[in-house]
Every structure is written in structure tokens, then in C-alpha cells.
Amino acid sequence: MDALEIARWQFGITTVYHFMMVPLTIGLGLVVAVLQTVWYRTGKDEFLRMTKFWGKLFLINFIMGVATGIVQEFQFGMAWSEYSRFVGDVFGAPLAMEALLAFFVESTFLGLWIFGWKQLRRGLHLAALWCAVIGSAVSAYFIIVANSWMQHPVGVKMVNGHPVMTDAWAVFTNNTALVAVPHTLMGALGVAGAFLLGISWYHLWQRRHDGIDTVEAVPGTGRRRRERVVVGEAPGVPGRDRTDHAVWLKSLRIGAVVAMISFAGTAVTGDLQGKLMFEQQPMKMAAAEAACHDGTGFSVLSVGNLGSRDCSDVAAVIEVPGLLSFLAKGDFTTEVKGVNTLIPEYEKAYGTNLPDNPLYGDRAGEAIQYVPVMEVTYWGFRAMIGFGALAALAALAALIATRKGTVPQARWLMRLAVVGILAPFGANAAGWIFTEMGRQPFVVAPNPSMAGSVDQVFMFTAAAVSPGVSAGEILTSLIVLTLLYAALMVVEVRLLWTYTRGGVAAAMPELAHAAPAEPPADDDSGPSGGAAKPADDVLAFAY
Amino acid sequence: MDTLPTVWFCAVAVLWVGYLFLEGFDLGVGMHMKLFARGEGERRVLLNTIGPVWDGNEVWLLTAGGATFAAFPRWYASLFSALYLPLTLALVALIFRAVSIEYRGKVHSDRWRAAWDWALSLGSAVAAFCVGAMLALTTTGLPLDANGDRVGGPFAWLTWYAVLGGVAVVAFSLVHGLAFIALKTDGGIRARAHRAFVRWLPLAILPLVAWVIAVQLCTGAWWSWLLAVVAAVAALTAWMLARRGSEGRAFIGLALTLAAGAAAIFSAVYPVVLPSTLDPANSLTVTSASSSDYTLGLMTVVALIGLPLVLAYQTWTYWVFRRRLSVDSIPTAHSVVPATLVRLVTGKQA
């Protein structure tokens with residue numbers, strides 16, 4: 001592998017890893033802010049508990065997003081210096097604005113929220129969280145503006161071989177971005193919804209398993225046997241009281257509704273994205289379908305050698321007629337161009353071989369491969385939709401299953417609900433991989449409305465990598481960062497699981513202090529709670 | 001002279017100084033988790049002094065990086081790619097640091113906490129060193145070819161200038177951290193931090209002084225020498241004030257030392273932003289490295305709106321958390337009881 005391929009792997013791994021944390025931060029942050037708002041308005045104890053519990057998990061995850069976000073910004077300069085030089089005039093601005101207008105807000109107000117429980121008036125404290133949540137959404141907007149410019153450059157003209165910004169309004173209202181932002185935010189909500197659903201299911205299941213909640217038959221009339229949930233209490237165990245039941249049941253149902261809203265939202269915005277993709281990146285559309293020839297049918301399943309770049313060996317097994325046209329154009333008859341039609345068009349517009357320029361290194365003069373890796377685009381597209389639909393169906397099933405006030409007792413269902421948390425993560429990752437890999441061989445995809453003119457703005461990925469950096473350097477950082485990410489993923493999941501199992505009392509020590517008896521301590525823990533400080537501590541969520 | 005690129009050169013310098021000042025004490029406090037704190041109680045006090053603010057401070061680094069990218073793409077590209085390995089090291093250090101602050105108290109185990117203490121201390125030291133080395137090389141230059149790419153291999157940046165800059169930022173952060181601890185705590189820890197600050201300040205400021213003088217000897221002008229003198233006077237004043245017990249004023253004196261020292265360093269090579277040690281013709285200047293006036297104008301408007309807001313709410317944050325902390329004000333640590341233990345307690349069978 002040369003520096004280019006290693007740098008691409010590194011970018012992919014870093015981005016996908018970063019984007020495991022970010023959707024949960026955005027989605028869960030919004031949910032926690034709404035929960036705290038409800039608590040502020042109603043004063044109901046269960047909403048305070050929900051705020052504290054989900055807030056704790058939110059923070060455990062948030063920090064990983066922060067830590068990996070710095071890598072994202074630095075790697076443009078480190079590994080992609082030629083790209084940075086080429087696009088800096090237009091691409092750097094949204095990144096700088098993200099830091100200045102969004103990320104400062106997010107991190108400063110989150111600090112106020114974490115430590116301000118006792119320091120700030122209740123309304124102000126709630127406002128701090130809302131500022132942080134809005135900051136994270138604005139941050140997503142700026143990053144997607146930057147990314148969308150790579151997908152669909154606008155608002156620039158070429159000066160001395162470089163795109164120079166001429167119309168900031170066009171850049172910041174790029175239609176690609178305006179559709180991608182809600183799509184991404186909706187995807188983030190899906191992650192949060194499944195997260196709430198899975199963890200709440202586990203707790204409701206555990207309460208029944210522990211015999212705290214029971215189900216008794218109601219002597220009733222009619223054919224259907226009716227059952228009633230009897231909510232119980234575990235005396236002496238912090239947090240396992242009647243309010244606890246309400247915490248999990250409400251969280252579960254909120255999670256299910258959020259997941260379903262998210263799916264509807266991603267479907268609608270995804271459809272709009274498909275139509276833009278048809279206009280802006282027809283090759284990505286064709287590669288998503290592994291479609292060789294022009295047609296109107298959407299392939300549900302294609303078999304054959306997706307690796308062949310002219311897709312000569314690919315055959316559609318199941319095909320829905322007209323659906324592809326609908327995705328692309330909104331009707332059932334528009335012919336969508338296939339790979340074999342598009343290759344000559346791309347070659348005519350952007351050349352058949354890479355230029356003989358030292359920037360391309362050993363690749364100078366090489367034939368250009370205009371078809372992205374179809375295994376990735378084809379399956380990435382299906383994984384995105386499949387995981388999303390799966391999560392939405394599971395959420396609907398969960399709503400139906402819990403309408404009596406508890407969850408079914410089957411252990412495998414509980415495990416499925418917990419594992420199901422991963423589905424929207426998978427959908428998000430697949431979506432990003434699809435949209436980034438589908439753009440290849442361009443790092444800045446050409447804007448077809450500019451094609452043919454002298455001032456066409458595009459850049460081949462092969463020319464973007466840092467010329468002065470050796471493959472060994474990038475490989476070193478790839479190995480170091482990947483190992484670090486893997487280790488930290490283990491730590492994060494372990495912590496999330498510990499705090500999940502700890503329940504609300506894990507996030508609210510005051511519940512433990514209120515309880516009459518202390519549970520037996522862990523192996524590695526000393527006596528806790530006994531020497532508790534009074535409630536007017538200076539610090540609330542202290543480290 | 002190009003006005004907008006010069007304005008942005010100043011803005012980038014201000015962002016870097018803001019980062020060094022604000023995150024400087026965070027990094028110092030991080031290192032003092034191992035060097036200064038005695039026992040778990042004091043370590044938790046230290047952590048909580050920076051708890052509400054460290055993340056906001058770190059965004060100064062992101063903003064400095066982002067602003068460099070937006071305003072001087074060629075400077076950003078050449079500097080960051082030339083320093084590939086030290087910046088990788090800095091990223092690893094920053095990741096460890098961030099995670100250790102948040103995760104240290106999340107498991108009730110001495111081994112767990114001790115491991116994260118090391119991560120925090122070493123992470124802070126390495127991050128400070130790498131940022132210092134990078135800033136030193138920004139002034140003294142790198143072996144850059146005509147395209148702005150580094151020649152001479154992955155370690156071409158490793159010069160005594162880089163080491164001096166790294167050591168200077170580490171040493172400054174250590175005393176800056178002590179000054180902050182003395183400001184933010186109460187009781188025995190405050191007195192010890194104050195004594196340590198007074199004792200170590202003269203020594204810790206030496207590498208910074210050496211760095212400023214070295215840069216001045218190479219490329220200084222009369223006004224950058226003047227700034228260096230201001231920095232020296234401010235450092236001396238800070239020390240005297242600290243000896244007299246004015247912690248707050250000493251802290252401000254230290255801020256002035258850093259600002260004037262950094263200004264002396266940054267301004268010494270202006271209008272060059274990144275010299276090439278191979279050929280002066282390859283050096284990047286404010287003009288050759290900058291974005292178009294349109295982009296710079298847009299960024300200026302955004303910065304004029306954004307930066308005062310950031311300063312306002314970050315200042316407010318420090319005001320909200322102005323109370324001093326002592327070992328007594330830290331709540332008791334508690335272990336997280338897993339749900340499966342519930343059955344043992346209740347004695348109920350599933």
C-alpha cells in the first residue's frame with residue numbers, strides 16, 4: 001500500500017469511529033434536554049431521574065466525540081496537505097466557524113451544565129443544556145457544509161488553478177448540505193431512540209426478573225386473558241422503587257417513538273438526497289445499484305462479481321420495476337443511466353488518465369477508474385436502509401409489546417433489544433461510507449452544471465495526499481490511532497454498561513443516601529454512602 | 001502591506017496565545033496530578049478546579065487550527081504535514097487527557113484511578129511539549145521545498161529549537177498550573193501551591209526566556225526586542241507580587257508574560273509565517289499563504305461577532321465557578337451497584 005491508500009484507510013477509520021460518538025451525542029443530548037425541560041415544567045421526580053441517568057451516559061459518550069474530533073480537524077493538514085492547499089480558501093471557513101460559533105458554545109455550556117446543578121438557577125441551568133445541544137447541531141451543520149462542498153462544489157471560481165470563494169451564501173446554502181443536515185440529525189435521533197429503548201427494556205426486564213414487578217391475571221370477561229402489571233419496590237436497594245418503573249417505561253416508549261420519527265425523517269430526507277445524487281453524482285447512483293445499463297428498476301438483490309468495474313458479471317435477481325426512476329426523479333419511467341453509459345461521459349469530461357504531474361507520484365498517467373468500489377457502494381446503501389428499517393420495525397414492535405406497562409419476560413428478547421442498539425449505528429456508518437466511497441475517484445466531486453467549461457472545479461483523491469509525508473509515517477499513525485480507538489471503545493462500552501446496570505442510583509448518589517440500608521459493596525469498592533457530604537455540595541457531577 | 005492577511009496573522013497569534021494561556025493551566029494542573037497532589041483527596045480537588053472549564057479551553061486549539069486553515073491554508077498544510085509525527089503524538093496525548101478527566105472517577109477502584117492519573121499527567125506533558133515544539137518551528141522554520149513540503153525525512157523537524165520550545169511550554173504550564181491551583185483552592189493545598197509557585201517560577205520561566213532571546217538574536221527587530229523586555233518585566237513583577245501574596249495579580253502578570261513573549265516570538269519573523277530553512281524563496285509569508293480577501297473578509301465578520309461572545313460566556317463560566325475548592329468540598333466517591341446485585345439484597349428468586 002502506498003501513502004494514498006493508507007491515508008484513505010486512516011481517514012475512513014477515524015471518521016467512522018468519530019461518527020459512532022457524534023450521533024449519540026447529538027441525539028441523546030436533545031432527548032436529555034427535552035427530559036429536563038419536562039422536569040422543569042412539571043417537577044415530576046421521574047423526569048429528574050431520567051435527566052440524570054441519560055445525562056450520565058450522554059457525558060460518558062460525549063467525551064469520546066470530543067477526543068476524536070480533534071483528530072478529524074488535524075488530519076486535513078497532516079495527511080491531506082495538497083487537498084488543504086487546493087480547497088483552503090473555501091473549505092477552511094466552515095471548519096473555523098464550527099469551532100468559533102458552535103464548538104465553543106457546546107463545550108463551555110456543557111461544562112456549565114455538568115457542574116452547574118447547584119450553582120445556577122434551575123431555568124438558567126436548563127438553558128445551559130439547550131445551548132450545548134443547539135451548539136452540537138450547529139456544529140453538525142458547519143461540518144456538513146464543508147463535506148457537501150466536496151460532494152457538490154458551489155460558490156467558487158477558479159483563480160490560478162485554485163477554487164476561490166465568490167459567494168459564501170451559495171456555499172452555506174448548498175442544496176446538498178440543506179438536505180444532508182436534516183438527514184444526519186434524523187439519523188442521530190435514531191441512535192438515541194434505539195439506545196433508550198434497549199437500555200430501558202433491559203431494566204424493565206431486570207425488574208421483573210428480580211421479582212420487583214409482577215404480572216397478575218385479571219379475572220375478566222371475554223375470550224382474551226387479561227393481565228395487569230403490579231409495580232413493586234425493592235426495599236433497601238437504592239433507586240429500585242415505584243418511580244424507577246415509570247423511569248424505564250417512559251424512557252422505553254420515548255425511545256421507540258423517537259426511533260420511528262427518525263426513520264420517517266431519514267426516509268424523506270434520504271429520498272431528497274437520492275434525487276440530488278441523480279443530478280449531481282450520477283455515477284454514485286449507478287454504483288449504489290450496481291446498474292450496468294440504463295434502466296428504471298431498483299435491484300433488491302443483485303449477484304455476481306461486484307468487483308468488476310464495468311459490472312459485466314452482475315445480474316439482478318430481484319428487481320422492482322420503476323422504483324429506481326422514482327428514487328432518482330420522482331416518476332416511474334425516467335431512464336437512470338448505468339455504469340456503462342456513464343464511464344464514457346466521465347472520460348470525455350475529466351480525461352481518461354491522471355495528468356502527468358508530480359503531485360500524482362507513481363500514479364501520474366495511470367488510467368482513471370471512474371466506478372467506485374461497487375461491493376462497498378451497493379452493500380453500503382442496502383445496509384444503511386436495512387438497519388434503519390430494522391430499527392424502526394423493532395421500535396414499533398416494542399411499542400406494541402409494552403402497552404400493558406412492562407416487557408415480555410423472554411431473555412432473548414431482552415438481549416435482542418440491547419443488541420438492537422447497534423442497528424442505527426450500523427445504518428449511520430454505512431451511510432457515511434457509502435456517500436464518501438461513492439464519490440471516488442474524486443475527493444472534490446465535479447459539479448455537472450460546471451462540466452465542460454474551463455473553470456471546472458474538482459480534484460482527484462490521488463492528488464490530495466501530503467506529498468512530503470512518507471507511507472511509514474501515516475502507517476504509524478494509522479496503527480497507533482486504530483489501536484487506541486479499539487482500546488477506548490472497550491473502555492467506553494464497559495463504562496456505559498456499568499452505569500447502565502447501576503441504574504438511576506448510579507447517576508444519583510443522593511438516592512443511595514436516602515435509602516435505609518446499603519447494598520453489599522463491590523469487590524473493589526470501599527464503604528460508600530455512609531460518610532456522605534451534605535446535599536449543598538459545591539459540586540454536583542463532581543469528578 | 002496586505003491588511004487582511006496581517007489582521008489574520010494577528011488573529012491566529014491571539015488564538016494560539018489564548019490557547020497557551022487558558023489550556024496552559026489545564027495542562028499544568030494535569031501534570032500536577034502526579035507531581036504536586038498528595039493523596040486522592042487533593043487529586044480530586046485538582047481535577048475539579050479545571051473540571052467545568054478545560055473542555056472550553058481546549059476548543060481554543062481547534063479554533064487556532066481551524067482559523068489557520070481558513071486564513072492561511074498553505075501555512076496550515078505545510079506546518080501540519082511537516083510535523084506529522086509530533087502532531088500524531090499530540091493527538092494521542094490530547095485523547096488520553098480528555099478521556100482520563102472524564103473517566104477517572106467513573107470506576108471505584110484505586111488501580112483504575114492511578115492508571116488514568118498517569119494518562120492525564122503524561123498526556124498533558126506530551127501535549128504541551130508538542131504544541132511548544134510546533135510553535136517554535138513556526139518561527140525558526142522547517143526544511144521546505146518550493147511546494148511547501150518537508151524534505152529530509154520524518155524527523156527533519158527535530159532541532160534544538162523544537163526541543164527548547166517544547167520544554168518552555170511544559171515548564172510554563174507547570175508554574176501556570178500552580179498559580180491557578182493557588183487561586184482556585186483553599187486550605188493546605190492552596191498554601192503549598194503558593195509556596196511551590198514562588199519557588200519554581202524563576203527556574204520554570206528560563207526556557208521561555210531562552211526561546212524568546214534565541215528568536216530575537218536570529219531575526220529580531222527593535223520592537224520585538226521591546227516586547228521581549230515587556231515579557232521579562234511582567235515575569236519579574238508576577239514573581240514579586242506572588243511573594244507578597246497577591247495571587248490574582250501574579251496570575252495576571254503571568255498572562256502578560258506569555259502574551260508579550262509570544263508576541264515577541266510571532267512578530268520576529270513577520271511577514272514570514274513559516275520560514276524555509278532550505279531556501280528563503282520557499283518561505284511562506286502572510287501574502288503567499290493566505291486565503292482570498294473575500295474569505296478573509298467573511299472570516300473577519302464572523303470573528304468580530306463570535307470572539308466577543310466566546311470571551312463573554314467563557315468569562316461568565318469562570319465567574320459562576322469562582323468559589324475556591326478544598327478537600328472538604330468534594331463529595332464522597334461512590335461505587336456503582338449493578339442491577340444484578342439487587343437479587344442478592346432482596347433475596348427474591350426470579
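Labels below follow one simple rule: chain letters A, B, ... track the order of the sequence lines, proteins then strands, and each chain is numbered from 1.
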Within-4.5 Å side-chain heavy-atom neighbours: [X] and [Y]:
X      : Y      : answer
B:D293 : B:P5   : yes
A:V71  : A:Y17  : no
B:R150 : B:L142 : no
A:F104 : B:L309 : no
A:L112 : B:F321 : yes
B:L94  : B:L61  : yes
B:L120 : B:I101 : yes
A:M97  : B:M299 : yes

Side chain, backbone, both or neither: which part of [X] has a non-hydrogen atom closer than 4.5 Å to chain A?
X      : result
B:W60  : both
B:F96  : side chain
B:Y313 : both
B:V302 : both
B:V320 : both
B:N147 : both
B:A303 : both

What part of [X] gets closer than 4.5 Å to chain B, counting heavy atoms only: side chain, backbone, both or neither?
X      : result
A:V66  : side chain
A:L120 : side chain
A:L101 : side chain
A:E492 : both
A:F142 : neither
A:L478 : neither
A:I60  : both
A:A128 : neither
A:I70  : both
A:L100 : both

When heavy-atom pairs shorter than 4.5 Å are enumerated against chain B, which of [options] gives the highest number?
options                       : value
A:E82, A:Q75, A:Q409          : A:E82
A:V469, A:L95, A:L488, A:V480 : A:V469
A:F91, A:F86, A:F76           : A:F76
A:L359, A:V90, A:V105, A:V491 : A:V105
A:G92, A:G77, A:G88, A:G468   : A:G77
A:P94, A:A67, A:S107, A:G111  : A:S107

Seminar exercise, completed: side chain to side chain donor-acceptor pair (under 3.5 Å) test vs A:D210 passes for just one of A:R207, A:R208, A:Q206, namely A:Q206
Using atom types as modelled, flag every donor-acceptor pair under 3.5 Å from a side chain in residues 80-87 of chain B to any protein atom, sequence neighbours excluded.
{"from": "B:S81", "atom 1": "OG", "to": "B:A77", "atom 2": "O", "distance (Å)": "2.7"}
{"from": "B:S81", "atom 1": "OG", "to": "B:S78", "atom 2": "O", "distance (Å)": "3.4"}
{"from": "B:Y84", "atom 1": "OH", "to": "A:Q10", "atom 2": "NE2", "distance (Å)": "3.2"}
{"from": "B:Y84", "atom 1": "OH", "to": "A:S477", "atom 2": "OG", "distance (Å)": "2.8"}

Exercise. Checking B:R113 against B:W116: charged group under 6.0 Å from the ring centre and within 45 degrees of the axis?
Worked result: no
Exercise. If you tally heavy-atom pairs under 4.5 Å against chain A, which of B:A71, B:P154, B:G306, B:A98 wins?
Worked result: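 Option with the top pair count is B:P154.
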For this session: Output the option from B:T88, B:T63, B:L15 having the highest count of non-hydrogen pairs under 4.5 Å with chain A.
Result: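 If we count pairs closer than 4.5 Å to chain A, B:T63 comes out on top.
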For this session: Decide side chain to side chain contact (heavy atoms under 4.5 Å, CB included) for A:I212 and A:D244; before the verdict, give the C-alpha distance in whole Å, the side-chain angles of both, and the deciding distance to 0.1 Å.
Result: CA-CA 11 Å; A:I212 301 174; A:D244 192 46; over 6 Å; no
For this session: For A:H18, enumerate each residue passing the ring-ring contact (aromatic ring centres under 6.0 Å, His included) test, keeping only those at least two apart in sequence or located in another chain.
Result: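 Applying ring-ring contact (aromatic ring centres under 6.0 Å, His included) to A:H18 gives none.
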Problem set entry | Stepwise side chain to side chain contact (heavy atoms under 4.5 Å, CB included) check, B:V12 with B:W75 | CA-CA 11 Å; B:V12 167; B:W75 183 11; 4.0 Å; yes
For this session: Look at atom CZ of A:R121 and say whether more than 12 heavy atoms of other residues, nucleotides or ligands are closer to it than 6.0 Å.
Result: no
